[in-house]
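These values consider heavy atoms only, across backbone and side chains, with no hydrogens, waters or symmetry-generated copies. Computed from a prediction, not measured in an experiment: that's the story for all the values here. In what follows, chains are A, B, ... by sequence order, proteins preceding strands, each numbered from 1.
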Amino acid sequence: MKEREVRRTWMHIDMDMFYAAVEIRDNPSLKKKPVAVGDNTMITTTNYIARKYGVKSAMPGFIGRKLCPHLVFIKPNYPKYRQASDQFKRILAIYDPKLESVGLDEANLDLTDYLVDNKMDNDLGKIFIAQKIREQIFMDMGMTASAGIACNKMLAKICSELNKPNGQTYMYNDEVEILKFMMDLPVRKIPGVGKVNEHILSGLNIYSCKDLVEKATEVYVTFTEYAFQFLVKSALGMARVMHEKEEGVVAQRSMGVSCTFRPIHRYNQFREKLFRLAAELESRAHQNKVMGKTLVLEFKSFKFETKIKSMTFPHYLYSQNQFKKYGILLLNQAWPIEAIRLMGLRLSNMRDRRKDKGVKVCPEVQINDADLIEPPGGPDGNQQETQDQGDGGNNQEEDKIVFSDTMHHPSNDQNNANLDDEGIEDPEIEQKHDEENMKHAKEKLFKQKYGPGEKKKKKIKGEKEILSENSRSIQSWNNVPRFHMDKIMGKSEKEKRQERVQKILKKQNQRGIESFMNESDKYLSKSDHFVKQFEELSKIKNKNDGINNCRQIRNKLKKKEERQQKDIDSGMFGVPKSFKPI
DNA sequence: GCTAAGCATATAT
DNA sequence: TTTGGATATATGCTTAGC
Ligand SMILES: Cc1cn([C@H]2C[C@H](O)[C@@H](COP(=O)(O)OP(=O)(O)OP(=O)(O)O)O2)c(=O)[nH]c1=O
Ligand SMILES: [Mg+2]
């Protein structure tokens, strides 16, 4: 394990109740009221008065209203938050032009250079600078921020939450201090350890970072090498101490749109949603002058199960016609699909349209027959238009595309003069590329339908093969030498690991999913009066409606539980880029 | 034996 | 008039291709 590096200084700064703060600044009469930014379906954030009632980010609005009847709802105004965010980041850039940030209201700064240049690289200097930055933000913006100062990003982030709102925390760059602090810290506070992994760890009786270090052996056999290293290093307070990229901003890697609606189930409805998303995606891709080679279509069923289809093309896509055409291929591939409540379309494998970068040559393709473009069973799959009166038939809700906070600004660059993107302006080249893309897609679909080529076909998966495959892979993915457990246990590492996780989860499940629920889940599952409300409704209004409503709610709760059970059954790691281990 | 595609899942704001 | 978002990036695993 690498030596601990404590000579650098990081500050994580995070605006307090950001969206709500912007709204309150612009309407001071809200100051003393409980405020939620969001709507009946979802709350993005709340002020600290509302939080006293347990109303928090990511809680459905109607739950918030039940927890706090006087809650004032404010409709989100993302462009406004974006503006405030720009101002926030302009202030910070003076101290570290390379600042890293996820989201609008937080940033991670490497202050080392600034401190050294100003001869302030000492405890007092660091505390003073953080204070000064926060004051400057307050003076310029009329809003408060909280900060954490420590020797690496992870510690700084954790510290920034300790004195919220309008406070700051300084962690001495001293190993003893750091360890003392970490040992008591719940594992969930490690950025990257979420609900699921907290749950798995608790199955090993690991709750604090101290437990994590002490039970490193159990962690080792339960998680992958990478996850193991991440967890233990994090628990010891170790993380990256240098910027990931030398030069400025890291390019965005994907761009997408999605929207939620009343469940739909007919092919034509799917297609219509897809087309709208395609149009919206085009406008965003154009604004940001990007194109991408991979198109991803995402569905969320009314049971909240997510499914995705994706395809990578030889040439870049950038227009809504392309998104529609190839999106339909993905839709057809997935068809038939049960009713969905969300559809999303995403472009990845992206490239800036302005830069001259390598253009991939289209591979030679031969297979071209078999018209696979139509969905199986005709344009409407196996759904019958006629017997559709049920519910989906007349959906007149305008699924507006919400302007998200993470969207790029429409770039300020002037014109398309210097676009160098495989000759998008040239219709002939464009057509050629489209043909090649389509050819490629058809070939893929063909293979999918009729299986891979003769050579590969014989490799019917024998389990032996899979095992050897796995034990090799673990090394190549993680690129870290690892002691081979399979030799001792007679099974592949992966199998052993997965069995172990399953066992833990099973044990946990016996304790009930209570421990896995968040505030609003608990409220929902416990609130008899929530269901009673609907029963009362049944007296006032049409009796059947009320009963149906009641059933719907119960079903929903049940599905939610099933879903959570599934979540529980599949723990994994997704370490945020900014907190990768050293 | 490496790399990338494709899909599912986790985490974050 | 109801009732659980939108976006981005990450890992893990399996399969396909050179
Ligand atoms: C957590 C979360 C935040 N957001 C938005 C709203 C928040 O104002 C903004 C910043 O997120 P946070 O910094 O997590 O929350 P906050 O700034 O509102 O409150 P505080 O930092 O004082 O605890 O991001 C969402 O839209 N959805 C979410 O699930
Ligand atoms: Mg904040």
Residues in salt bridge (Lys or Arg N to Asp or Glu O under 4.0 Å) contact with A:Lys80, at least two apart in sequence or another chain = A:Glu23, A:Asp26
Spacing of [X] atom [atom1] relative to [N] atom [atom2], expressed in whole Å:
{"X": "A:Leu342", "N": "C:dG5", "atom1": "CG", "atom2": "C1'", "value": "9 Å"}
{"X": "A:Leu347", "N": "C:dA8", "atom1": "CG", "atom2": "C1'", "value": "14 Å"}
{"X": "A:Lys66", "N": "C:dT2", "atom1": "NZ", "atom2": "C1'", "value": "10 Å"}
{"X": "A:Arg262", "N": "C:dT3", "atom1": "CZ", "atom2": "P", "value": "8 Å"}
{"X": "A:Arg346", "N": "C:dA6", "atom1": "CZ", "atom2": "C1'", "value": "9 Å"}

Nucleotide of [options] approaching [X] most closely (side-chain heavy atoms):
{"X": "A:Phe304", "options": "C:dT3, B:dT13, C:dG5", "answer": "C:dG5"}
{"X": "A:Met311", "options": "B:dG6, C:dA8, C:dG5", "answer": "B:dG6"}
{"X": "A:Val196", "options": "C:dT9, B:dA10, C:dG17", "answer": "B:dA10"}
{"X": "A:Ser310", "options": "B:dC7, C:dT9, C:dG5", "answer": "B:dC7"}
{"X": "A:Thr312", "options": "B:dT13, C:dG17, B:dA5", "answer": "B:dA5"}
{"X": "A:Ile308", "options": "C:dG5, B:dC7, C:dT7", "answer": "B:dC7"}
{"X": "A:Gln333", "options": "B:dA8, C:dC13, B:dC7", "answer": "B:dC7"}
{"X": "A:Lys309", "options": "C:dA6, C:dT3, B:dC7", "answer": "B:dC7"}

remark   = Note: for A:Ile43 and A:Asn40 on DNA chain C, the residue whose nearest nucleotide lies more 5' is A:Asn40
Integer angstrom distance from the C1' of C:dG5 to that of B:dA12 = 14 Å
Please state whether the phosphate of [N], meaning OP1 or OP2, lies under 4.0 angstrom from any side-chain nitrogen or oxygen of [X].
{"X": "A:Arg341", "N": "C:dG4", "result": "yes"}
{"X": "A:Lys444", "N": "B:dG6", "result": "yes"}
{"X": "A:Lys157", "N": "B:dT13", "result": "yes"}
{"X": "A:Thr41", "N": "C:dG4", "result": "no"}
{"X": "A:Ser254", "N": "C:dT9", "result": "yes"}
{"X": "A:Asn197", "N": "B:dA10", "result": "no"}
{"X": "A:Arg188", "N": "B:dA12", "result": "yes"}

query = For A:Ser85 and A:Asp105, what are the C-alpha separation, side-chain angles and deciding distance, and is it a side chain to side chain donor-acceptor pair (under 3.5 Å)?
reply = CA-CA 6 Å; A:Ser85 173; A:Asp105 89 319; over 6 Å; no
message = I need the single residue from A:Leu104, A:Asn77, A:Ile74, A:Val35 that forms a side-chain contact (heavy atoms from CB on, under 4.5 Å) with A:Tyr19. Which is it?
response = A:Leu104
message = Both A:Thr294 and A:Thr306 contact DNA chain B. Which one's nearest nucleotide lies toward the 5' end?
response = A:Thr294
inquiry  = Going by side-chain contact (heavy atoms from CB on, under 4.5 Å), name the residues that satisfy it together with A:Lys189, two or more places apart in sequence or in a different chain.
reply    = A:Leu185, A:Pro186
Donor-acceptor pair between A:Thr294 and A:Thr312 side chains, under 3.5 angstrom = yes
message = Looking only at side-chain N and O atoms, does A:Lys89 offer a donor or acceptor that is under 3.5 Å from a partner on A:Ser101?
response = yes
